[in-house]
Amino acid sequence: MGEGETLELLELRGISKEYKTGRSAVKALSEIDLTVKRGEFVSIMGPSGSGKSTLLNVIGCLDRPTAGEYSLDGMKVERLSDDRLSEIRNKYIGFVFQSFHLLQGLDALGNVELPLIYRGMGAAERRKRAKEALEAVGLLDRVHHRPSELSGGEQQRVAIARALAQEPLLILADEPTGSLDSRTGRTIMELFQKLNAERGITVVMVTHDGEMARYGKRIVRLLDGRIEREEIL
Amino acid sequence: MKILNSWRSFWVRFLFAAQMAWQGVAINPLRAGLTILGVAIGVASVVSLMGIGEGARIAVVRQFESLGSNVIVIKAHDAKAEFEPEEAEELLERVSGLKYASPVVRTNAVLRWRRARGQVEVLGVSSDFPELRDHKLASGRFFTKWHVEQRSPVAVVGYNIGAGLLGGRSPVGHTFTLNGQTYRIVGVLERKGSGQAEGIDDKVVVPYTTALKIAGRRTVDELWVKAESPKAAELAIAQLGRIYRRKLGLDVTAPKAGGGGQQMPGEEGKANPEGTSPPIPRPPAQEGQGQGEKPALELGKDIITITNLNTLVEEADKANRIMTLLLGGIAAVSLLVGGLGIMNIMLVAVTERTGEIGVRRALGAKKFDLLLQFLMEAFYLSGIGAALGTLLGMWGVNVFNNYGFSAVVSMDAVKVAVFVALGCGLLFGVYPAWTAASVPPVEALRR
C-alpha cells in the first residue's frame, strides 16, 4: 500500500464544512490544515460543537467537505465517486464509535466479518481473519455471543476487532470510551496504544476526556471549527 | 482470473444480502406475516376468480361442442317459410362441402312402458343423425334409411331413458308405445351428460317420417346439415344464404338490408345457441305478395336463420374469456393493494434501520449492496405471498366447486398472478430500497 512512499497519511488543506439550516449557514469547520503521519496517534479534543466529529467524518470519507483539499495516502478524496469512497472506507479505515454500532442480528464473529464480506472475501479466509482479530482483543471465548449478550467493554472490543480485521492503515475512533466506565475505558485505550505501537496502525481519536486524550502522542484542540492549538506529548 | 475474482466477490456480497434480507423479514414475523398475507390474498383471488371464469368458459365450450362440429342449423320462424323434409337431401346435392343432412321434427308424446307412462320429448331425424351430431351408440344400432322411408315404428332412446327402462340392462329389442302405437327399441345413445347436446339423454329419437305422423304435420321448421370442415361450413353458409333468398323471392344480387351481403347469414345467429338472430331475408312486401305460394311474409321479422354452430362456440369462448379477464382484473386490484402493503412495510423498515444502514456504509457497503438487500427483502415478502396465494387460490377453487361452480385452476392465471406479485414486490420494493441506499452515511450514523 505504498508504505514509505509518503510519510504523510492524511493531508488536509483549508478544509471547511458548512451546514445549511434554513437561510443561515452554520460553519462547522473553517479552513482546517492538518497533517497526520503514518504511525501517529492523534487525539482531537474540544468542547461539544467545536466540530471535532465533523472533522472525523471528513477524515473517514463519510462526509465531504464544502471546501478544501483532502488527500488520504496520496489519493485526492474529493474527486472520488461514492462507490470508490465505500471501497476506501472498507480497505483503509476502521471505525470505532461511541455507541459501538454493532449489528444486533449478528454474533461477534459475524460483526467482525462484516467489512470483509463487503470486500467480497471468501468465507474461509474471512472467518480466519475475524477469529484472529477477536483473539487480538481477547474475545475468542465470545465468538458466538450476540452484542446484547456482551458487556459494554466487550462490545467495544468487538468493534475494535472489526476494525482490526480490515487490516486498516487508519483507525478512527469517535469518543470510544464515552459509554464505558473509566476502568474499562482505560483498557480500551491501552488496546489502541498497543495496536498503534505493535502494528503501526495510525489512530485518530476524538474525545473530550483529557485523561483519555493523553494516550495519544499529539493532541489537536479544536474551538469553533478552527484548530486552536496543538500539543505534542 | 480477475473476472473470476470479481464474480466471486459479487457472489459473496449477493449471498450476504440475501441472508441479511431474510433476517429483515424474520426479525418481525407478525409484520412480515401480515404483509405476506396481503399479497397471498391478492394472488389467491386472482387464481380463484379466474378459475371460476375459466371453468365457466370450458363448460360452455364443451356444451356447444356436444352439439357437433361444423353443424349448420337452418330454422324457419314463419309457418309459410317452412321446409319440405326432402329439402335436407336436396341440400346435400346442391351445396358443395356438405356431408350429412337431416330434417328435424320436435314433438311430445306419451310413452308407455309396461305399466308406467309419462310425457317424453320426441326428436324426428334422418339416419344421418349419429354422424351429424357426433353421437355414438351405447348399445344396438341406429335406424336406417330404409326405416325412414318405411315410416317404421322404431326408436333409439337417450341414455337416461335407456338406463331407466330395464334398470341398467340394455332395452334393445323391447317395445314401448308412443301415443298408443308400439315402437321397437333398436338402440341406446351414449351418455352426453346433463344439459349437453340439447338434453338428448332424456329424449326418444325416431325417424322423421314417423315423427311427422305423431306431430300431425307435413313440413318441418328446422334442417341440420354438417359440413366436411370448418372452412366448408363457412362456404356452405354463403351458398345456403343465396339458395334461401332466391327461394323466398329476394333479389340475391342486390345489396341486402342489414348490410350483410352474401356473407350475412354466416355472421348472424351468434347471440344464442338456438339461432334466433337477425333475419336473412327481408322481402319487399309487394314482391312477396306477388309470389303466389309463399306470399304474406311479414316485413322486418326473422323468417329464416342460418346458424353456423362453430361461430357460436367461438363467440361464447370469446365472451367467456372476456369475463375471465374481467374477474382477473377485479382480483388484480387486491393484488395491487398487497403490493402497496409491501411498499409500506419496506419504507418503515428503511426508517427503522437507518442506523444499521449507516454502519454498513461506514464499513464499506456500497449503495448497490443496500439496494440489493432491501430489494431482496421485498422480493421475499412477495415471493412467499405468491406461493402461499397460489395454494390458497387452489383451495379456493376447490371450495367454489363444492358450492356448485365448475372452477378450474388455470395455469395461465397462476402464472399471471405469481408474475404480477413478484413484479409488484420488485416495483414497490425499488423505491424503499433506493431510499435506503441513498441515505448519506453520516446522517444514517447520527440516528
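The sequence lines fix the lettering, A, B, ..., with proteins before strands; numbering per chain opens at 1. In this text the structure is predicted, and so the values were computed from the model without any measurement.
Between the side chain of A/Lys91 and the main chain of A/Pro168, no donor-acceptor pair closer than 3.5 Å is present. Within the 3.5 Å criterion, the main-chain N or O of B/Val442 finds no donor-acceptor partner in the side chain of A/Asp63. Without hydrogens or angle criteria, A/Gln156 side chain to A/Ile188 main chain gives no donor-acceptor distance under 3.5 Å.
Within residues 13-37 of chain B, the residues having any heavy atom under 4.5 Å from a heavy atom of chain A are, by residue number, B/Arg13, B/Phe16, B/Met20, B/Gln23.
Looking at A/Gln104, neither its backbone nor its side chain comes within 4.5 Å of chain B, counting heavy atoms on both sides. Neither the backbone nor the side chain of B/Arg353 comes within contact range of chain A; no heavy atom of the residue lies under 4.5 Å from a heavy atom of that chain. With a 4.5 angstrom heavy-atom cutoff, A/Ile117 touches chain B via backbone and side-chain atoms both.
Counting heavy-atom pairs under 4.5 Å between each of A/Leu102, A/Asp83, A/Leu116, A/Asn57 and chain B puts A/Asp83 at the top. For the set A/Ala163, A/Ser99, A/Gly60, A/Gly122, the entry with the most heavy-atom pairs within less than 4.5 Å of chain B is A/Gly122. Ranking A/Arg119, A/Met121, A/Glu87, A/Arg162 against chain B, the residue ahead of the rest is A/Arg162, based on heavy-atom pairs under 4.5 Å.
By the ring pair (Phe, Tyr, Trp, His ring centres under 6.0 Å) test, B/Phe400 pairs with B/Phe405, sequence neighbours left out. B/Ser9 pairs by the side-chain hydrogen bond (donor to acceptor under 3.5 Å, both in side chains) definition with nothing, not counting sequence neighbours.
B/Glu356 is not listed as a side-chain neighbour of B/Val359, based on a closest heavy-atom distance of 4.5 Å or more. Looking only at side-chain heavy atoms (C-beta outward), B/Val348 and B/Thr351 stay at 4.5 Å or farther from each other.
Between the side chains of A/Ser16 and A/Thr66, no donor-acceptor pair of N or O atoms lies under 3.5 Å.
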Output a table of donor-acceptor pairs, distance under 3.5 Å, between side-chain atoms of residues 324-331 of chain B and any protein atom two or more places apart or on a different chain; print 'none' if there are none.
| from | atom 1 | to | atom 2 | distance (Å) |
| --- | --- | --- | --- | --- |
| B/Thr324 | OG1 | B/Gly53 | O | 3.3 |
| B/Thr324 | OG1 | B/Asn320 | O | 2.8 |

